[in-house]
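Naming: A, B, ... by sequence-line order, numbering from 1 per chain.
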There are 2 protein chains.
Amino acid sequence: MVSMKEIAQKCGVSVATVSKALNDKDDIAESTKEMIRKVADEMGFMANASARALKTNRTYNIGVLFNNDDAGLAHDYFSIILNSFKVAAEEEGYDITFVNHKIAGRESTYLKHCEYRNFDGVAIILADFKDPEIIELAESKLPAVCIDYEYYNCSSVVSDNTKGLLDIVRYAGSMGHRKIAYIHGELTDVTKNRLMGFYDGCREQGITVDPSYVLQSNYHDIEQCSECTKKLLQLEDRPTCIICPDDYSAMGCLRVLAQEGLSVPKDMSVIGYDGINMAMINGMTTYMQDSIGLGRIAFKKLADKIDHPEIPAEHSVVFGKFIEGSTVAKIGD
Amino acid sequence: MVSMKEIAQKCGVSVATVSKALNDKDDIAESTKEMIRKVADEMGFMANASARALKTNRTYNIGVLFNNDDAGLAHDYFSIILNSFKVAAEEEGYDITFVNHKIAGRESTYLKHCEYRNFDGVAIILADFKDPEIIELAESKLPAVCIDYEYYNCSSVVSDNTKGLLDIVRYAGSMGHRKIAYIHGELTDVTKNRLMGFYDGCREQGITVDPSYVLQSNYHDIEQCSECTKKLLQLEDRPTCIICPDDYSAMGCLRVLAQEGLSVPKDMSVIGYDGINMAMINGMTTYMQDSIGLGRIAFKKLADKIDHPEIPAEHSVVFGKFIEGSTVAKIGD
DNA sequence: CATTTTTGCGAAAACGTTTACTTTTTTGCA
DNA sequence: TGCAAAAAAGTAAACGTTTTCGCAAAAATG
């Protein structure tokens, strides 16, 4: 690896001059800069990020933390957020490194790992805020942005979950449905907001919610969603429409319905959530989250926080849109 | 951030001793080590990766490069490989950073980026080997492993693509199919191997391949696969079985069949490739690649190369298994 | 007890940058 | 021409480690 020292020798200037020239500082003559740049190119010079980071305390590297227990990377919704975050970050010269809690193969904590790698900031996506390690990280001085979770201390970007379910219920209502079941995910903040939207929507339309219509499953869990669907089908007074936790687990719902010989939407209406590619292709009625926007805005927030650590945490909401597919039938005609 | 200097002061020893104690070198008394470790813990010491890398020329950071044009991260097959690579790497104390061709926001090359970040090695996944930047990287001295592509210069791990298609065609044959169409992906090495398997399988069973049964689509492209399916349906002598490039694009095939009122497998048999979650759930007949094995073995190869740069490139093959779903009908009964 | 060997620790240089400060050179102006 | 100001370049310290080498003290040996 060719270093500034070698460039300096070749050019007959000092290392400082090389550094300043390549960083385009304004106390170096333009002619000198050009000459140095040219030689640096010829010699195939590439700065050393470690040395630079050591000196400047800036790595231009961002840690991304996500819950690996779940589908994690393989979750369509997540991977799109991550990808758009990555694209935005790279545009601004940041790199993305995954956060874990091992250092040199030994157990450690997320925060320690971030300190070790000197990340300029960290994005916390889909993480479990019951985990004390996550709290430790969120409470730390490290600039952080949370996606899909609001923590008082960090900037955050969340989807409009309440409105999402409200839109869904309103649509179902407009199609004549009065017996609407909702299989919701684990009781996180996200879920609570969606439930609020669900109940609001029902109240708005004068629907009394039958408690046996509200079940809990896990996000992205096809099996559990299947089980819940079976339970709903066993009720003496079946719902006419089932809202699933997300598009992916809705596959489980659809599968059970098919097994029972029920056709969608004729015998049962089904609504998903997320708007993942596969759902769109299959004509699923769903609420499409703006995952790309989520990632992009999350990066922007984080970059702001990195550049201005003093600014207070900001919480923003990204709006999605309702997608009318072909899995909900008009009722009562 | 507390540094070794501060630990040294508190302990009344030199910085060198602290470094050696924390790295468990054997010229430090056990009692001293313990004392230093204790103080370091109390003070919340965390080593500085940049400083360490600068001195040792080892970052314990691996670059991961993948083709972003395609589905990239959002591709189920890819994300599983990446995840298993990541898990294996973290187990051994490595971190994963995405490779791109920007440095500080300015265009550069993949190789330069790797040099800048001082990656110990790089994993090249699903990349386009027509891209001169990729070649530059593969030709460089940087330890590299390619997944799903064999480049003479790098170690590689590929799936048993030939056997995959052979198994598929044999199965289709065993189910009585003689008119088998194959919509294959872009003509990469992977595809060529699969085609070999396809033709071998057909020959083995005395099937003369109708050239109009062999079409080209793009991997992971639902629309194109739909188009190809339409073309096949327009043939006067339709095939009885369609092999798709991958499970995901097979969705396009299934959609077209549904639109045409053809039921699967009664009116048309369909076979996918990859064995992604969604396909398995839907009972797709497919060939499941060992994506987890692919990622794990790829890391192992790369780690070997990092530790022993002198060893020659090794090419290995990972075997998947045929999955008999419910999308192929028995014919001729 | 004298000598050698082993053990434990420290001094200092080095890794490749950046940057505050200083020095030298050039320019502008009276 | 002389002098101040501005521009250009250099000096050197620093960032936080690791590591080679040297030295002293302790332990082993005869």
Peer 1: Can you tell me the distance, in whole Å, between the CD atom of B/E30 and the C1' atom of C/dT7?
Peer 2: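 After rounding, the reported distance stands at 14 Å.
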Peer 1: Nearest 0.5 Å please: distance from the CZ atom of A/F299 over to the CD1 atom of A/I147.
Peer 2: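 Here the rounded value is 12.0 Å.
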Peer 1: Could you say whether B/S14 or A/L54 is positioned toward the 5' end of DNA chain C, judged by the nucleotide with the nearest heavy atom to each?
Peer 2: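 Looking at DNA chain C, the more 5' nearest nucleotide goes with B/S14.
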Peer 1: Decide yes or no for B/Y77 and B/S159: does some side-chain heavy atom of the first lie under 4.5 Å from some side-chain heavy atom of the second?
Peer 2: yes
Peer 1: State plainly whether the residues B/E34 and B/K38 are in salt-bridge range, i.e. N to O under 4.0 Å.
Peer 2: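 Here B/E34 does not pair with B/K38 in a salt bridge, since their nearest N and O are not under 4.0 Å apart.
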Peer 1: Without decimals, in angstroms, what is the distance between A/D24 CG and C/dT17 P?
Peer 2: 17 Å
Peer 1: Would you kindly give the CG-to-P distance between A/D27 and C/dT22, to the nearest whole Å?
Peer 2: 15 Å
Peer 1: Heavy atoms of chain A, cut-off under 4.0 Å: which first and last nucleotide of DNA chain D, 5' to 3', fall inside that, if you could look?
Peer 2: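 Going 5' to 3' along DNA chain D, contacts run D/dA8 to D/dG16.
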Peer 1: For A/H101, which of A/R106, A/H113, A/K112, A/E133 qualifies under side-chain hydrogen bond (donor to acceptor under 3.5 Å, both in side chains)?
Peer 2: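 When A/R106, A/H113, A/K112, A/E133 are each tested with A/H101, the side-chain hydrogen bond (donor to acceptor under 3.5 Å, both in side chains) holds only for A/E133.
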Peer 1: Find the distance B/I103:CD1 to C/dT17:P and express it as a whole number of Å.
Peer 2: 12 Å
Peer 1: Measure from CG on B/D26 to P on C/dT6 and round the result to the nearest Å.
Peer 2: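 That distance rounds to 14 Å.
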Peer 1: Measure the SG-CE distance between B/C11 and B/M35 for me, rounded to the nearest 0.5 Å.
Peer 2: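 With rounding to 0.5 Å, SG (B/C11) is 4.5 Å from CE (B/M35).
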Peer 1: When the distance from CD1 of A/I28 to P of C/dT18 is rounded to whole Å, what number comes out?
Peer 2: 12 Å
Peer 1: Does B/S50 or B/K20 map to a spot on DNA chain D nearer the 5' end, using the closest nucleotide for each?
Peer 2: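 Closest to the 5' end, via its nearest nucleotide, is B/S50.
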Peer 1: Can the ring centres of B/F98 and A/F98 be said to be less than 6.0 Å apart?
Peer 2: yes
Peer 1: Nearest whole angstrom, please: distance from the P of C/dC9 to the CG of B/N23.
Peer 2: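 Value for this atom pair: 15 Å.
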Peer 1: Counting the atoms with a prime plus P, OP1 and OP2 as sugar-phosphate, which does A/A47 contact under 4.0 Å by heavy atoms, base, sugar-phosphate, or nothing?
Peer 2: sugar-phosphate
Peer 1: Using a 4.0 Å heavy-atom cut-off across all strands, classify A/S19 as base, sugar-phosphate, or nothing.
Peer 2: base
Peer 1: If you look at every strand shown and take non-hydrogen atoms under 4.0 Å, does B/S3 touch a base, only sugar-phosphate, or nothing?
Peer 2: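 Since only primed, P, OP1 and OP2 atoms lie under 4.0 Å of B/S3, the category is sugar-phosphate.
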Peer 1: Around atom NZ of A/K10, are there more than 12 heavy atoms from other residues, nucleotides or ligands closer than 6.0 Å?
Peer 2: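 Not buried by this count: 12 neighbours or fewer within 6.0 Å.
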Peer 1: With a 4.0 Å cut-off on heavy atoms, is A/A29 in touch with a base, just the backbone sugar-phosphate, or nothing at all?
Peer 2: sugar-phosphate
